[in-house]
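First comes the structure, then the notes that go with it.
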Amino acid sequence: MITKNNFTINASENTTYKADVAIAGAGISGIVAALELLESDLKVILLDRDEEHQIGGLAKESFGAMFFVDSPQQRWTGIKDSTDLALSDWLANAEFGEEDVWPRKWAEFYVNNCTQLGYKWLRKQGVRFLPVVNWIERPTDKKPGNSVPRFHVVWGSGKGLTATLANRLLNHRNIANLKILFRHKVTEIINEDGVITGLNGENEQTGGTFTVKADNTIIASGGICGSIEQVKANWYKPWGDPPQTILNGSHKYAEGILHEAASDIGANVTHMDKLWLYPGGVKHPNPRHPQHGLSILPCKSAIWLDSHGRRFGPEPLIAGFDARNQVETICKQDNKHSWLVMNMKIAIKELSISGAEHNPSIRDKKLFRFLKGVFFGSKGLIDDMLTNCENFITGNSVAELTEKMQALSGDINIDRQAVADAIQQFDASANPNTGTYDRQRELIRLVRKYPLDGIRTCKDQKIDDKSAYPLIAVKEHILSRKTMGGIQTNLESRVLTAVGETIPNLYAIGEAAGYGGGGLHGLRSLEGTFLGGCVISSRLAAADILNKKIH
Ligand SMILES: Cc1cc2nc3c(=O)[nH]c(=O)nc-3n(C[C@H](O)[C@H](O)[C@H](O)COP(=O)(O)OP(=O)(O)OC[C@H]3O[C@@H](n4cnc5c(N)ncnc54)[C@H](O)[C@@H]3O)c2cc1C
């Protein structure tokens, strides 16, 4: 158990609490801030809308991987990284404008300090990372990305990460100084003559209201991606209208209530149209909230087709490179969804789903099962999806597959010949000596040179290969995940107004702050920067409140 029942206090009508620090949101950001604050003798109140067993927010569901630079894992595996290289990758991806002063400062701070303030601190808390680093958001000769692998996976996934930190919090020697109030929805930031003095809200269990009076207030309430209405309202305009169907891959309470409350008291809420969406959303077979989606990490050896079954090109879409470009390309098509076509062998070896739920061997720290999965893939996952997820279909011939694609497409016409041609074109490139040139095949061969991806990616695999049947098609929707804009903050995580003045006694951390500075990613993330941003921005807020330096 990572929670203690006696921390839940049922408020009666209009209850008032007093604390030195009030924190709105008990996700990883709120937990890290509280953990750091408990090192002093300050009294802290942590409020969350959710149930007690959901402490940890989205991080609990996450895959739990983080972007670090020049880490022991990288050194151990011979990866040569440096803050200069990482910063140049970051800036090339972010495409900051002149006006992005705080996002750029935050990006520089993150890159220069993530290993010290993130990795080393987490290790001290007892968090362990896999020895081998994943390589995602890769660059190509045409687009920037991570020049080297930087995606450090927590052994135990996001669930283990959260459990470790929550356990440390709940067993802290100063635990008597912490009060946690679940089912408490914060609705308002109290502003008395320009000074923030706490929070108001509703106790969703009793129907009463509450006030927390505090010397310092921290907003840690996550982003807006849990509300598809908010995602659509903040849609990136150059992409035209948002897709009709967007699946929800975020937290059910990530609705932006406190972004609005912060804006009401003069905070600068910026870059809200910079959303980190994923192209491979499928319906969750057992949804826990409306439009609940899962993010498929598409197979590199699958071909990616538009809503009519035509292969994207001339530059094909391929997993592991530039997720934003994939979303943009799909959203520029008429129906704004896509298809992935592969066979069973490719699916078993290459297909995975992001998050703790669908990576049980990492989550439950089962080393043998994990290694088996790395070498042989995950048949259980594919069988589960084929049986339970309506986005997956199979066929024992191209004709049968395309017929089923048409059936799932309703009024949208599938060009069945285009699907057959795309498969044939890709398959014609399979033989490295006699095959035709195919850009996707070239990139697959490049990816396979990194030993970990060499093991996990099929070699010269054809799709229309009867020994690897059945054929599989997956209808994929855009999935909302992370909010890269947010409440603008300085490097102490203090909230800023539009003219760059700090709002006294108010802080914002984690996803609520666009992971720091109201948008430290700019247009794109190099991945793993989200959890890292939560840890670092939260530690900085606590350090400023405690008036101490952090290491
Ligand atoms: C499946 C999945 C996989 C992921 N994998 C990774 C990964 O590998 N690497 C990575 O870097 N990131 C990953 N992420 C993203 C990362 O988990 C989140 O961005 C991060 O956990 C956000 O943490 P947070 O504490 O800032 O916000 P949240 O986790 O959203 O927590 C906010 C908390 O505030 C509460 N709240 C909201 N509004 C209110 C209110 N008005 N009043 C009171 N309480 C409120 C919520 O209930 C919630 O508990 C993943 C996310 C998902 C869903």
Side-chain angles (χ1 to χ4, degrees), residues 22-34 46-52 54-68 114 118 134 136 151-154 157-159 161-162 165 180-189 199-204 210 212 218-227 248-262 276 278 281 284 292-295 297 353-359 362 479-484 486-487 508-516 521 525-535 537-538:
I23 305 174
I28 188 171
S29 303
I31 290 174
V32 169
L46 187 53
L47 303 134
D48 202 290
R49 271 188 88 174
D50 219 333
E51 312 272 342
E52 185 176 351
Q54 297 290 10
I55 186 169
L58 269 184
K60 196 174 165 183
E61 295 177 28
S62 74
F63 186 51
M66 281 177 254
F67 176 102
F68 299 123
C114 59
N134 282 15
I136 53 177
F151 199 59
H152 297 68
V153 181
V154 172
S157 78
K159 192 170 178 203
L161 168 72
T162 316
L165 296 175
I180 309 183
L181 303 172
F182 293 101
R183 305 292 312 276
H184 280 59
K185 173 183 173 184
V186 178
T187 54
E188 193 187 352
I189 300 165
L199 299 163
N200 282 328
E202 297 156 13
N203 181 331
E204 295 190 298
F210 69 86
V212 180
I218 303 179
I219 306 303
S221 51
I224 60 165
C225 280
S227 157
N248 187 342
S250 179
H251 196 284
K252 65 180 174 186
Y253 294 138
E255 300 175 328
I257 293 174
L258 295 184
H259 291 76
E260 212 174 304
W276 194 241
Y278 287 105
H284 196 305
H292 192 178
L294 296 170
S295 176
L297 305 179
I353 295 179
S354 175
E357 186 179 4
H358 292 92
N359 289 280
I362 298 182
L479 176 125
S480 71
R481 182 73 100 209
K482 294 139 186 164
T483 311
M484 298 196 296
I487 303 168
I509 57 178
E511 196 163 343
Y515 300 96
H521 296 97
S525 165
L526 289 167
E527 285 289 4
T529 49
F530 307 104
L531 289 169
C534 290
V535 172
S537 60
S538 306

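Atoms within each ligand, like the ligands themselves, are counted from 1 in listed order.
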Does [X] reach ligand 1, in the sense of a heavy atom lying below 4.0 Å from it?
X      : value
Ala254 : no
Ser250 : no
Phe67  : no
His251 : yes
Gly158 : no

Which protein non-hydrogen atom lies closest to [atom], naming both residue and atom, and how far is it?
atom                    : value
atom 29 (O) of ligand 1 : Leu58 N, 2.8 Å
atom 48 (C) of ligand 1 : Asp48 OD2, 3.4 Å
atom 41 (N) of ligand 1 : Val186 O, 2.9 Å
atom 24 (P) of ligand 1 : Ser29 OG, 3.4 Å
atom 19 (O) of ligand 1 : Tyr515 OH, 2.4 Å
atom 51 (C) of ligand 1 : Arg481 CD, 3.8 Å

Spacing of [X] atom [atom1] and [Y] atom [atom2] [to the nearest 0.5 Å]:
X      : Y      : atom1 : atom2 : result
Leu294 : Glu61  : CG    : CD    : 10.0 Å
Ser221 : Ile257 : OG    : CD1   : 8.5 Å
Ile31  : Ile180 : CD1   : CD1   : 7.5 Å

With a 4.0 Å heavy-atom cut-off (strictly under), which part of [X] contacts ligand 1: side chain, backbone, both or neither?
X      : result
Tyr278 : neither
His184 : backbone
Ala24  : neither
Cys534 : side chain

Among [options], whose heavy atom sits nearest [atom]?
atom                    : options                       : result
atom 4 (C) of ligand 1  : Ser62, Gly226, Gly27          : Ser62
atom 45 (C) of ligand 1 : Arg49, Glu255, Lys185, Lys252 : Arg49
atom 11 (O) of ligand 1 : Leu294, Leu531, Ile28         : Leu531

Give me the ring orientation class for Tyr278 and Trp276: parallel if the planes are under 30° apart, tilted from 30 to 60°, perpendicular past 60°.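 Because their plane-to-plane angle is over 60°, the rings of Tyr278 and Trp276 count as perpendicular.
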Give me the ring orientation class for His521 and Tyr515: parallel if the planes are under 30° apart, tilted from 30 to 60°, perpendicular past 60°.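 The rings of His521 and Tyr515 stand perpendicular, inter-plane angle above 60°.
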Check ligand 1 against [X] and write out every atom of the ligand that is under 4.0 Å from a heavy-atom position of the residue.
X      : answer
Glu61  : 1 (C), 2 (C)
Ala220 : 32 (C), 33 (C), 34 (O)
Ala65  : 7 (C), 8 (O), 9 (N), 10 (C), 11 (O)

Tell me, please, which residues at least two apart from His152 pass side-chain hydrogen bond (donor to acceptor under 3.5 Å, both in side chains).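 Per chain and number, His152 pairs via side-chain hydrogen bond (donor to acceptor under 3.5 Å, both in side chains) with Ser71.
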Can you sort out the partners of Arg481 under side-chain hydrogen bond (donor to acceptor under 3.5 Å, both in side chains), two or more places apart, ordered by chain and number?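 So Arg481 forms no side-chain hydrogen bond (donor to acceptor under 3.5 Å, both in side chains) with any residue.
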Ala59 to ligand 1: N or O pair under 3.5 Å?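 Yes, at least one N or O pair falls under 3.5 Å.
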Ligand 1 N/O within reach of Gly510 N/O, cut-off under 3.5 Å: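 No: no nitrogen or oxygen of Gly510 is under 3.5 Å from one in ligand 1.
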Search all heavy atoms of Ser157 against all heavy atoms of Ala356 and return the closest pair with its distance.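 Closest approach of Ser157 to Ala356: OG-CB, 3.3 Å.
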